[in-house]
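Just so it is clear: chains get the letters A, B, ... in the order the sequence lines come, proteins before strands, and each one is counted from 1. On a predicted model such as this, the values are computed, not experimentally measured, just so you know.
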Amino acid sequence: MLYKSYITANYYCNLFRFCWSCGFSSTAHKVFDKSPQRHGHEGLASFVQGNVLGKKSPKYELCSALICCAKTLNSHLGSQIHGKIVHSGFDQNLYINSSLVNVYAKCGLMGDAMKVFDGIELHDEVSWTSMICALSQNGQGGEALCLFKEMMTTLVKPNCVTYVSVISACTEQESVFRCGELLHAHVIMLGHESNRFVVSSLIDYYSKCGRMDKAVMLFGSCLASDDVVLNTMISAYTRNQQGEEALKVFVKMRDANASLSEHTLTSVLDACGALAVLQMGKQVHGLVMKMGSDQNTFVVGALINMYSKCGDIDEACHVFDQAGYKNNILWTSLITAYAQSGRGPDALKIFDHLVMEKRFYPDHVCFTVVLTACNHSGLLDKGISYFKKMTSDYNLAPEIDQYACLIDLYARKGDLKSAKQVMEEMPFDANAVMWSSFLSSCKEYGNVELGREAAYKLFELEPRSPVPYLILADLYAGAGLWDEVKNIRKFMNENGVRKSLAGWSCVG
DNA sequence: TTAGGGTTAG
């Protein structure tokens with residue numbers, strides 16, 4: 001088994017300085033890439049600040065400095081260097097501008113990134129790709145595709161990197177899902193299909209739109225020796241409820257003495273959690289300790305989730321306690337672990353304690369967890385009050401997931417009128433999940449009128465599903481409306497909805 | 001000397 005060796009951050013920092021001072025900037029970059037992620041960046045950035053900003057800088061040094069800024073997410077230093085670039089008259093240099101786009105994009109400053117991009121007079125494939133990638137990585141997949149289309153109208157031709165960026169953009173939202181297949185056709189025509197970066201982005205794309213047949217085909221056709229392709233495939237299987245296949249890939253990786261990274265660990269822990277295989281999860285935990293990855297935030301989060309999904313809340317807490325650095329995501333993972341193990345009130349206690357001490361600022365996902373915990377613990381009024389706090393205390397506009405929780409809270413309480421009012425007044429269209437939970441509550445409380453309305457909405461939203469027909473029939477039966485029950489059976493036949501009538505005993 | 005794939009919370 002190959003493990004990443006751990007050398008101190010100082011070693012990397014000194015080596016970086018040495019390479020840089022000798023003018024070996026590309027070697028310096030390699031050193032920078034290998035430096036441990038959580039250490040040394042600050043030191044390197046301050047070195048850049050001292051050596052680039054204070055001197056008359058050649059173009060390549062400015063470029064190198066910008067790469068460091070992008071990697072350390074240091075937009076402040078990036079802006080300072082930008083000022084120097086303008087002052088030195090290098091503001092039309094393509095290399096520098098592509099790097100600048102990258103710095104701003106990595107720091108989430110999309111307006112600045114676009115401004116630099118728009119200011120470039122003559123683009124090359126890298127400058128186009130930098131901006132396409134920037135949009136893709138900032139959740140603007142649709143815009144990334146538009147820019148790609150614009151690029152296609154120019155004389156500059158996209159390369160492998162462009163395809164990797166634009167294919168990744170297609171996984172962002174369902175509206176651009178179908179574009180991925182078209183891009184795959186481009187890739188085949190241009191002969192990029194054997195590029196491992198392209199392959200892994202395609203596997204990821206297909207797995208995210210549920211086309212595992214295509215993902216498996218691509219995986220089978222490549223050499224599969226690349227660790228990222230293997231990790232992508234483990235995640236792809238897990239995402240598509242094929243955890244056993246995911247574990248098989250992992251076992252093969254171990255048998256082949258493949259290099260295991262922290263990505264591998266998180267992906268395989270996710271598979272263990274999905275399958276609830278505690279023993280296997282513990283073995284991977286052993287590997288985590290052996291590799292010295294027990295302080296990596298991604299790995300710690302994956303461990304907490306794995307133990308929580310396997311029902312071992314004590315071990316989940318232990319992992320959390322051992323983590324030196326605790327961010328919002330880890331706190332949310334811990335709250336989720338309590339909520340998932342039926343300890344909703346404990347989950348809420350942690351949340352209240354944290355916000356009281358101002359140790360973390362809850363986000364949308366955290367509120368979804370809290371609201372779900374309230375829902376599952378029957379703390380309906382408390383849940384509604386948390387929902388209101390989102391806006392009043394934290395200035396967070398609720399999103400569709402939190403509205404779904406609120407609707408569920410009102411409906412479970414039997415306040416069907418309020419639940420329906422929320423569905424009508426919220427800034428989103430009520431989806432099938434919302435109407436389904438609403439319909440179930442209508443059945444629970446015997447509200448025929450609202451139940452009928454919900455069922456008819458579901459007939460439109462999910463025309464092939466027999467479930468709303470069956471629930472509505474149950475509701476009618478509970479109210480003694482036997483003629484209506486018979487009509488439902490007729491209605492199902494007319495609409496071509498098929499379902500075994502087992503369980504529909506109320507019809508008699 | 002510019003750009004790129006996979007990982008954590010419901």
Side-chain angles (χ1 to χ4, degrees), chain A residues 23 25-26 28-29 57-67 70 90 93-103 105-106 120 123-134 136-137 158-168 171 195-205 207-208 226-236 238-239 261-270 273 293 296-306 308 327-337 339-340 347 362-373 375-376 401-402 404-405:
Chain A
S25 58
S26 90
H29 283 153
S57 312
K59 284 176 279 186
Y60 74 91
E61 283 204 341
L62 289 168
C63 250
S64 302
L66 289 171
I67 293 170
F90 289 133
N93 181 284
L94 254 185
Y95 291 1
I96 287 177
N97 279 327
S98 296
S99 301
L100 258 180
V101 168
N102 193 31
V103 171
K106 288 284 187 301
I120 298 174
H123 285 283
D124 69 351
E125 70 270 29
V126 178
S127 65
W128 277 105
T129 306
S130 303
M131 198 61 226
I132 291 169
C133 178
S136 171
Q137 289 180 344
N159 61 18
C160 278
V161 186
T162 323
Y163 280 103
V164 168
S165 304
V166 76
I167 290 166
S168 303
T171 62
N195 178 288
R196 62 204 172 99
F197 287 84
V198 174
V199 169
S200 57
S201 62
L202 278 170
I203 289 177
D204 185 56
Y205 159 74
S207 80
K208 282 177 179 162
D226 182 84
D227 62 326
V228 177
V229 173
L230 288 159
N231 295 339
T232 308
M233 204 58 210
I234 293 176
S235 302
T238 309
R239 184 178 297 121
S261 67
E262 287 167 340
H263 281 93
T264 321
L265 295 173
T266 49
S267 303
V268 79
L269 285 169
D270 207 20
S293 301
N296 175 288
T297 316
F298 283 88
V299 175
V300 172
L303 276 169
I304 295 171
N305 298 333
M306 183 276 292
S308 146
N327 63 9
N328 262 19
I329 290 177
L330 289 190
W331 280 111
T332 309
S333 298
L334 185 72
I335 295 170
T336 308
Q340 278 180 343
D363 63 4
H364 286 93
V365 177
C366 190
F367 269 104
T368 308
V369 177
V370 165
L371 295 174
T372 309
N375 215 326
H376 290 171
D401 287 345
Q402 294 86 51
C405 291

Legend entry - Counterpart residues, ring-ring contact (aromatic ring centres under 6.0 Å, His included), relative to Phe367(A) (two or more places apart):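 Scan of Phe367(A) (ring-ring contact (aromatic ring centres under 6.0 Å, His included), adjacent residues dropped) gives Phe351(A), Tyr394(A).
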When all nucleic acid strands are considered with a 4.0 Å heavy-atom cut-off, which category describes [X]: base, sugar-phosphate, or nothing?
{"X": "Asp363(A)", "result": "base"}
{"X": "Ser333(A)", "result": "sugar-phosphate"}
{"X": "Thr232(A)", "result": "sugar-phosphate"}
{"X": "Ser130(A)", "result": "sugar-phosphate"}
{"X": "Val369(A)", "result": "sugar-phosphate"}
{"X": "Asp124(A)", "result": "base"}
{"X": "Asn97(A)", "result": "nothing"}

Inset, instruction - Could you list the residues that satisfy salt bridge (Lys or Arg N to Asp or Glu O under 4.0 Å) with Lys208(A), not counting sequence neighbours? - result: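 Listed in chain order: Asp204(A).
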Select one nucleotide: of [options], the one nearest the side-chain heavy atoms of [X].
{"X": "Cys160(A)", "options": "dA9(B), dG4(B), dG10(B)", "value": "dG4(B)"}
{"X": "Ser168(A)", "options": "dT1(B), dT8(B), dG5(B)", "value": "dG5(B)"}
{"X": "Cys133(A)", "options": "dG4(B), dG5(B), dG10(B)", "value": "dG4(B)"}

Inset, instruction - Determine whether His376(A) and Gln340(A) make a side-chain contact, defined as any pair of heavy atoms from C-beta on separated by less than 4.5 Å. - result: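 Not in contact.
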Inset, instruction - Check the distance between dG4(B)'s C1' and Asn102(A)'s CG and give it to me in whole angstrom. - result: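 So the CG-C1' distance, Asn102(A) to dG4(B), works out to 10 Å.
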Inset, instruction - Mark this stacking check for Phe298(A) against dT7(B) as yes or no, applying ring centres under 5.5 Å and ring planes under 30°. - result: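 Check passed, Phe298(A) stacks on base of dT7(B).
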